[in-house]
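When a ligand or atom number is given, it counts from 1 through the structure's own listing order.
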Amino acid sequence: MPGMFIDVKVDLAAARDAGVAKKLAEVCPVNIFAQNEDGTLRIVEENLDECVLCDLCIAAAPEGTVKVVKLYES
Ligand code: SF4
């Protein structure tokens, strides 16, 4: 489920990459990304609407694999 204002979409291959997941968990200032026990990425849905649109996640992941969607603009 997306947040009310923000959804974050991550390519499946990137979400399964423990290295990418770790970076995302590190860079997001409002903890929208976390890692499952197997290292794969978990989106912390209850934090989605805290997104400050800093784009650090987009910069940290391989190009084009993370998208931050503003639901209020669609
Ligand atoms: S844009 Fe910033 S606050 Fe929003 S999900 Fe990415 S890293 Fe987190």
Using the side-chain hydrogen bond (donor to acceptor under 3.5 Å, both in side chains) criterion, which residues pair with K67? Sequence neighbours excluded.
none
I need the protein N, O or S atoms closer than 2.8 Å to atom 6 (Fe) of ligand 1, given as residue plus atom name.
C57 SG
L41, I58: one ILVMFWY side-chain cluster at the under-4.5 Å cut-off?
yes
For ligand 1, which atoms sit closer than 4.0 Å to a heavy atom of V30?
3 (S)
With hydrophobic residues grouped by side-chain heavy-atom distances under 4.5 Å, do V8 and L12 end up in a single group?
no
Is there a chain of hydrophobic side chains (I, L, V, M, F, W, Y, each step under 4.5 Å between heavy atoms) that links L53 to L56?
no
Any non-hydrogen side-chain atom of C51 less than 4.5 Å from a side-chain atom of V68?
yes
For D38 and T40, indicate whether the former's side chain and the latter's backbone hold a donor-acceptor pair under 3.5 Å.
yes
